[in-house]
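We count ligands from 1, going down the list as the structure has it; atoms in each ligand are counted the same way.
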Amino acid sequence: MTVRKNQAALTPEEKRAFTAALLELKRNGSYDRFVTTHNGFIMGDTDSGDRVGHRSPSFLPWHRRFLLEFEAALQKVDPAVSLPYWDWTTDRTARSSLWAADFLGGTGRARDGQVLEGPFSYAAGKWNINVRVDGRAYLRRALGTGVAELPTKAEVDAVLSMPVYDMAPWNSASNGFRNHLEGWRGANLHNRVHVWVGGQMATGVSPNDPVFWMHHAFVDKLWAEWQARNPKSTYLPAAGTPNVVDLGDTMRPWNDVTPADMLDHRKFYTFDTEPPAASQR
Ligand SMILES: [Cu+2]
């Protein structure tokens, strides 16, 4: 069964394998389809209308399913690969090994934000930005420029202690755990990390930067930690909510998966911080 590891603990060989699988998905065209899907939902999800991927309760189960599909694509290339997560409360500077040239490469140059190092630099020739919101075909970043600080452990802890999953009006104005984690309200966790990275990560085509998957794998882990801390709390709303995915409603674009199906991540993978799934013990 898949174990998702902290990116900081990956061996050089695991980094090479993950990077190679990403480059192969890019080469064979599968990668860009994920970027297109994500941008379509960013454009379509609105506070007053239909909303599925973002600014709504299904933000968490939608991204869990999206990451599972991406991880399955990686594993078709290399069955040994799993999605690492980036704990941005601990690896919180541009000097983290995450941004080294043997992994994701670092920040962009001042002039145009272009990432110049690592396997995803434009110069390396294997990472063209094809699904884009402007003319620039090179990966861009501006680490720590759009906002100075990544969220702290204390800020995360405060959000994990919120006992109610989500609340009406079930959008970017909501109180509760989901919207505080997503970041439209309060200290701002998930959204702020997108802004901190900058470049494509701060746009609807954010999956163009491979760090997207590691960021969302950690957001996903925080959902699992919230569940462990609040065992009596569950996904809301339960039923009958217009424009919003209720617990038993199917989610686009898959139409065969509900938030209820996504509640237990241990059906699919475990994290390196928890015991292996029951069937593996
Ligand atoms: Cu995100």
Exercise. From His216, does some N, O or S atom reach closer than 2.8 Å to the Cu ion (ligand 1)?
Worked result: yes

Problem set entry | Lys NZ or Arg CZ of Arg4 over Tyr85 ring: under 6.0 Å, within 45° | no

Problem set entry | Single-linkage hydrophobic cluster, 4.5 Å side-chain cutoff, Phe120 and Val193 together | yes

For this session: Taking both backbone and side-chain atoms into account, decide whether His194 has an N/O/S atom under 2.8 Å from the Cu ion (ligand 1).
Result: yes

Exercise. Looking at Val52, Leu67, Val245, which one forms a side chain to side chain contact (heavy atoms under 4.5 Å, CB included) with Trp62?
Worked result: Val52

Exercise. Backbone or side chain, does His54 get an N/O/S atom under 2.8 Å to the Cu ion (ligand 1)?
Worked result: no

Exercise. Does any N or O in the side chain of Thr241 come within less than 3.5 Å of the main-chain N or O of Val244, such that one atom is a donor and the other an acceptor?
Worked result: no

